[in-house]
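Every value quoted in this text rests on a predicted model; they were computed, and no experiment measured them.
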Amino acid sequence: YVTSDLATDVTINVGEVKFYLHKFPLLSKSSRLRKLVLKASEECCDEINMVDFPGGPKAFEICAKFCYGMTVTLNAYNVVAACCAAEYLEMTEDVDRGNLIFKIEVFLNSSIFRSWKDSIIVLQTTKSVQPWSENLKIVGRCIDSIASKTSLDPAKITWSYTYNRKLSVSDKTAGDGMKFREKIVSVPKDWWVEDICELDIDLYKRVMTAVKSKGRMDGVAICEALKTYAVRWLPDSVDTLDSDVHSWRNKLLVETIVCLLPSDRGVGCSCSFLLNLLKVAILVGVDNSAKEDLLKRISLKLYEASVKDLLIPARPPQTTLYDTEMVLSIVKRYMMLSHDLDVAKNEMGCTDLVLGHGSLLSVGKLIDEYLEEIARDPNLSLASFIDLSQSVPEFARPVHDGLYKAIDAYLKEHLSLTKVERKKLCSLMDVKKLTMDASMHAAQNERLPLRVVVQVLFFEQVRSVAGVQPLRDTSHSTTNTDEESEKTAAEDCNSLEKQMSRIKIKEDAFQEKCELAKQSSKNSKSGIQLLPSRSRRMFDKLWGFGKGHADNRSSETSASSQSPTSMVPGDTKSSGSSSRNRRHSIS
């Protein structure tokens, strides 16, 4: 109702609300109402029904008050609905000068689109008045306003953002001008990411697309924005992710985030974020194209990943705890990409490698740690373990301590392995590349085949005789740059080659001395002291052990002459606990 001495002469129904109004104020401002009133008069009807009125009764009330000359308060929450309602009622300048559409346009340009927060609020309210807000280009103008502000120099940001940290110039005096300047400069480049997280996924996608199209935002800031949005809207619980209620929404969310990832796959997003996104993508069942895009990006940055990142839960019909096939696919992609880059570098004569030798060493260490983690899975097959281990080239694994730990963990969990399987598993490891600590542990490890233990003892003795420094495990260094890593790796490789060369020479000489020692021991118990006392005792016991059981040689001690342990006489072992006890006493 309108408070007036005059009786109302028209009733307008908007939704479930009846407005009892007067014709004259309305007809002086609205062209559409003129037509509707005229039509109602011809039909001898006092009521006008407005179906699907944009903005509903509240928006119509704003327009009606304006027609009566009452004060109308516009803000970011009601301006879109009022604008659509005014357009519906055709309150244009042709009807009356200074009409509502003109007033709203001035308000939008002078206030809303100049404000960071208000632009976001207005964009959120446009969804309730679709398609009117879209047709009137309010949505597009809001998006352009937001995208333009994100591209500004952070030093020029003076409005409130995130937690309403206001930086008002008018409240500052000349005395604290320097402090104000320092505060502005400290504004981070990604200051805008949290504010736009409140947008629905479809509007968020359009805003981020506009931000990227400006070409002024780097990949790091874009990825930070996508990560913040994912954390804001993706549930933490696996059950919630997989539930039917939110399945479609979560799938759309993940596919949208993948679609918005920076085009430059080599920079920006961290490998940890990409792998976590892949885990969610697998759970919600996104399209293969989205998963393929993620796999390509992850393979570029695999050297940044951690073991925790690679623990991708397996899905039926897989019986293992983790999806090792997916990780194997990622590693193969990485190695293929690394090879292609090397070829391109050689062809173009370029010395700048995106994936340098240091990165390959990081991947080698990562896979060894991952193998140690998944080795505790009782359902992990030996073939899967071997395939994943062999996916890393030899030069990416200069030290085999990590691989030894993984093999030991697998042997500990899978006690039912046959001798052939244990031998095949241990053949992945090169005992010459074990550090002193790992060699000492392996020499006392009863889970290893006797042949491997003898190999460890033999090469430790060869090192001792040759006076070679033990291998250094440089895999724990995390502060080196790629260049430093490459330099260190090159030095280690050169050192290793020299050591192996010296070992080979000493090995040949040592073999001859061992043969002489064996012959001499048959003729004289005193023998010739060719070895230091500690190592000589080890080999004397091995030889003595072999003499007593020469008829019980196992398949493990009948390998080809190329094996280092075949150079040691009496490389045999007995069955049962006797061999294990004697091996323990040797160590």
Side-chain angles (χ1 to χ4, degrees), residues 190 193 196-197 199 201-215 217-235 238 241-242 246-306 308-315 318 322-341 344 354-355 359 363 366 370 391:
D190 55 358
V193 301
I196 65 172
C197 279
L199 296 173
I201 185 64
D202 53 342
L203 292 176
Y204 182 83
K205 180 179 180 179
R206 293 177 64 178
V207 169
M208 289 301 298
T209 302
V211 170
K212 293 172 64 178
S213 67
K214 296 288 182 182
M217 195 64 60
D218 59 24
V220 176
I222 295 293
C223 284
E224 182 62 28
L226 297 176
K227 180 181 178 181
T228 305
Y229 194 80
V231 171
R232 171 70 177 82
W233 291 107
L234 283 175
V238 175
L241 274 172
D242 215 10
H246 304 288
S247 177
W248 180 85
R249 178 183 171 277
N250 293 332
K251 179 181 177 182
L252 176 63
L253 180 58
V254 173
E255 289 177 348
T256 301
I257 291 175
V258 174
C259 174
L260 291 172
L261 289 171
S263 56
D264 188 354
R265 294 172 177 169
V267 296
C269 298
S270 67
C271 191
S272 177
F273 169 62
L274 294 174
L275 279 165
N276 287 330
L277 199 59
L278 177 63
K279 293 175 186 178
V280 177
I282 294 172
L283 282 173
V284 300
V286 300
D287 296 338
N288 289 332
S289 59
K291 283 196 290 188
E292 184 69 18
D293 189 18
L294 280 174
L295 289 173
K296 289 179 181 178
R297 294 174 184 275
I298 291 168
S299 63
L300 271 170
K301 311 201 77 175
L302 182 60
Y303 58 91
E304 291 182 0
S306 66
K308 183 179 178 181
D309 297 332
L310 287 178
L311 297 178
I312 303 171
R315 303 285 287 173
Q318 292 175 320
Y322 304 109
D323 193 342
T324 56
E325 294 180 5
M326 182 74 72
V327 175
L328 179 61
S329 172
I330 294 172
V331 176
K332 287 182 177 179
R333 287 171 181 268
Y334 175 86
M335 294 304 168
M336 187 180 301
L337 181 63
S338 178
H339 176 266
D340 292 343
L341 289 172
V354 178
L355 303 178
S359 301
V363 171
L366 172 67
Y370 177 75
S391 65

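Rounded to the nearest 0.5 Å, atoms CG (L226) and CG (L277) are 9.0 Å apart. Interatomic distance, CG of L278 versus CD1 of I312, reported as 5.0 Å (0.5 Å rounding). Here OG of S299 is found 14.0 Å from NZ of K332. Values are rounded to the nearest 0.5 Å.
With contacts defined as side-chain heavy-atom distances shorter than 4.5 Å, the pair E255/V284 does not qualify. The closest side-chain heavy-atom distance from P235 to N250 is below 4.5 Å.
S306 meets the side chain to side chain donor-acceptor pair (under 3.5 Å) test with D309; sequence neighbours excluded. In this structure, the side-chain contact (heavy atoms from CB on, under 4.5 Å) partners of D202, at least two apart in sequence or on a different chain, are K127, D200. With sequence neighbours excluded, no residue satisfies salt bridge (Lys or Arg N to Asp or Glu O under 4.0 Å) with R249. Not counting sequence neighbours, the partners of E292 by the side chain to side chain donor-acceptor pair (under 3.5 Å) test are R333. With sequence neighbours excluded, the residues forming a ring-ring contact (aromatic ring centres under 6.0 Å, His included) with Y204 are Y229, listed by chain and number. With sequence neighbours left out, K214 forms a salt bridge (Lys or Arg N to Asp or Glu O under 4.0 Å) with D144. Listed by chain and residue number, nothing satisfies the side chain to side chain donor-acceptor pair (under 3.5 Å) test with D287 (two or more places apart in sequence, or in another chain). Among residues two or more places apart in sequence or in another chain, the side-chain contact (heavy atoms from CB on, under 4.5 Å) test is passed with V193 by D190, A225, T228. The side-chain contact (heavy atoms from CB on, under 4.5 Å) check on K205 picks up T209, T256, C259, L260, with sequence neighbours excluded. Listed by chain and residue number, nothing satisfies the salt bridge (Lys or Arg N to Asp or Glu O under 4.0 Å) test with E224 (two or more places apart in sequence, or in another chain).
Formation of a donor-acceptor pair under 3.5 Å by the K212 side chain with backbone atoms of L261 is found in this model. Looking only at distances, no side-chain donor or acceptor of E304 sits under 3.5 Å from a matching main-chain atom of K301.
A side chain to side chain donor-acceptor pair (under 3.5 Å) with D293 holds for exactly one of R297, K296, K291; it is R297.
For W233 against L199, the heavy-atom pair with the smallest separation is NE1-O, 4.2 Å. Taking all atoms of both residues into account, the shortest heavy-atom contact from A305 to L366 is O-CD1, 3.6 Å. The nearest pair of heavy atoms linking V254 to A281 is CG1-CB, 3.8 Å.
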